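These notes concern the structure reproduced below.
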Amino acid sequence: MKKIAFLGAGSMAEAMISGFVNGGLYQPAQIGVTNRSNTNRLLELSKTYGVSVTDHKKALLDSADIIILAMKPKDAQEALLSIREFIEERHLVISVLAGVTISSITTLLQKDAAVIRAMPNTSASVRMSATAMAVNSKATLHHIQAAKQIFETIGMVTLVEEEKLDAVTGLSGSGPAYIYYIVEAMEQAALEVGLEKEMARNLILQTLAGASEMLLQTNKQPSDLRREVTSPGGTTEAGIQALQNYQLQEAIVACVKSAVERSKELRAGQPAR
Ligand SMILES: NC(=O)C1=CN([C@@H]2O[C@H](COP(=O)(O)OP(=O)(O)OC[C@H]3O[C@@H](n4cnc5c(N)ncnc54)[C@H](O)[C@@H]3O)[C@@H](O)[C@H]2O)C=CC1
Ligand SMILES: O=C(O)[C@@H]1CCC=N1
């Protein structure tokens with residue numbers, strides 16, 4: 001069984017670790033984690049998931065077959081320079097960094113390494129990530145299958161051309177946050193119309209899960225499903241009208257486009273807007 005080394009121990013690394021360990025395909029002993037300097041965070045991950053943690057990058061990489069880059073894009077340069085002398089022919093490097101291209105990774109590593117650039121999302125934690133990945137010419141069929149297996153453990157995965165990954169990042173990489181934002185708004189609305197918080201939350205979450213299942217199971221278009229809810233002159237029509245007045249669809253298109261642009265900016269190392 002392959003061993004996986006995480007460089008970076010933040011939200012995305014934890015979501016993947018949680019999905020791997022709880023999915024049962026990887027034993028905690030197969031997973032090693034390091035970060036920049038936060039020892040408490042490493043101990044927390046070790047305690048929660050049983051993974052091995054270290055601040056010794058060479059030892060971590062020596063024992064690993066697959067290296068997952070999971071630091072912020074702005075920290076990629078420092079991180080890659082700190083590991084380049086430990087990268088060997090047998091290593092497969094998987095990056096989940098938004099915006100950072102495969103060629104910039106191999107350039108910084110100064111190695112013709114097998115690199116797979118992936119964009120998962122934090123639903124990896126419950127093994128429901130939507131992941132897209134792109135590969136370089138050094139990645140063999142064996143590497144691609146290994147990466148596919150990794151991401152299938154934590155959800156679904158699709159192979160794309162690398163140039164599509166900024167779009168994927170803006171859509172499904174950041175996507176969970178958009179949905180959470182809508183849930184926050186629905187919770188606020190529930191309070192304002194006099195519903196008790198806990199009960200409202202249960203109603204909202206079941207509504208969300210039910211709508212998602214309807215989309216998956218019926219194969220109908222979202223617009224058709226929406227029409228089925230919308231009785232002429234009824235409550236839904238009144239609600240949707242308010243959303244149209246606030247131009248929600250346009251707002252969501254702008255939201256995704258803005259995230260896609262930011263992904264491109266991250267590549268150029270531009271600071272936060
Ligand atoms: N959070 C998300 O929903 C998603 C994040 N990503 C990508 O995952 C990456 C990590 O994001 P988060 O986990 O949210 O960030 P985070 O800020 O929670 O974690 C970053 C981690 O990288 C570590 N780090 C920094 N410099 C390092 C170095 N030189 N060597 C080793 N570790 C180092 C930090 O100590 C920290 O543990 C980003 O590149 C992001 O674009 C991708 C998909 C979704
Ligand atoms: O916000 C970000 O930059 C990362 C990439 C996709 C989701 N979170």
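On a predicted model such as this, the values are computed, not experimentally measured, just so you know. Along the sequence shown, the residues carry numbers beginning at 1. Counting convention: from 1, in listed order, for ligands and their atoms alike.
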Would you give the length of the straight line joining atom CG of L108 to atom OG of S103, rounded to the nearest 0.5 angstrom?
9.5 Å

Quick note on ligand 1: atoms under 4.0 Å from a heavy atom of P120 include exactly 43 (C), 44 (C)

Protein heavy atom under 4.0 angstrom of atom 2 (C) of ligand 2, is there one?
no

Below 4.0 angstrom from a heavy atom of A98, which ligand 1 atoms are there? Numbered from 1 as shown, please.
39 (O), 41 (O)

Can a non-hydrogen atom of S82 be found less than 4.0 Å from any atom of ligand 1?
no

With sequence neighbours left out, which residue pairs that include part of residues 244-267 fulfil the salt bridge (Lys or Arg N to Asp or Glu O under 4.0 Å) condition?
D166-R267, E261-K264, R262-E265, E265-R273

Give the numbers and elements of all ligand 1 atoms closer than 4.0 Å to a heavy atom of A79.
28 (C), 29 (N), 30 (N)

So, using ring pair (Phe, Tyr, Trp, His ring centres under 6.0 Å) as the criterion, who are the partners of F20 when residues are at least two apart?
Y26

For atom 7 (C) of ligand 2, find the nearest protein heavy atom and state the residue, atom name and distance (0.1 Å precision).
G173 O, 3.4 Å

Atoms of ligand 1, numbered as shown, that sit under 4.0 Å from any heavy atom of D75
25 (C), 26 (N)

Using only atom types and a distance under 3.5 Å, with no angle test, would you say the side chain of N136 pairs donor to acceptor with the backbone of D112?
no

Within 4.0 Å of some non-hydrogen atom of A98, the atoms of ligand 2 are 5 (C)

Say whether V96 and ligand 1 are in contact under the criterion: heavy-atom distance to a ligand atom below 4.0 Å.
yes

For R41 and E44, what are the C-alpha separation, side-chain angles and deciding distance, and is it a salt bridge (charged side-chain N to carboxylate O under 4.0 Å, His left out)?
CA-CA 5 Å; R41 170 66 178 161; E44 183 186 304; 2.9 Å; yes

Measuring from atom 15 (O) of ligand 1, which candidate in K72, E78, Q77, M119 has the nearest non-hydrogen atom?
K72

Could you walk me through whether K148 and M133 satisfy the side-chain contact (heavy atoms from CB on, under 4.5 Å) test, starting with their C-alpha distance in whole Å, then the side-chain angles of each, then the deciding distance to 0.1 Å, before giving a yes or no?
CA-CA 9 Å; K148 207 165 161 274; M133 65 179 203; 4.2 Å; yes

Going by heavy-atom distance to atom 19 (O) of ligand 1, choose the closest among A118, A9, G10, S123.
G10

With a 3.5 Å distance limit and no angle check, can you tell me whether D224 reaches the backbone of R227 through a side-chain donor-acceptor pair?
no

Would you indicate which of K57, E14, R41 comes nearest to atom 30 (N) of ligand 1 when only heavy atoms are counted?
K57

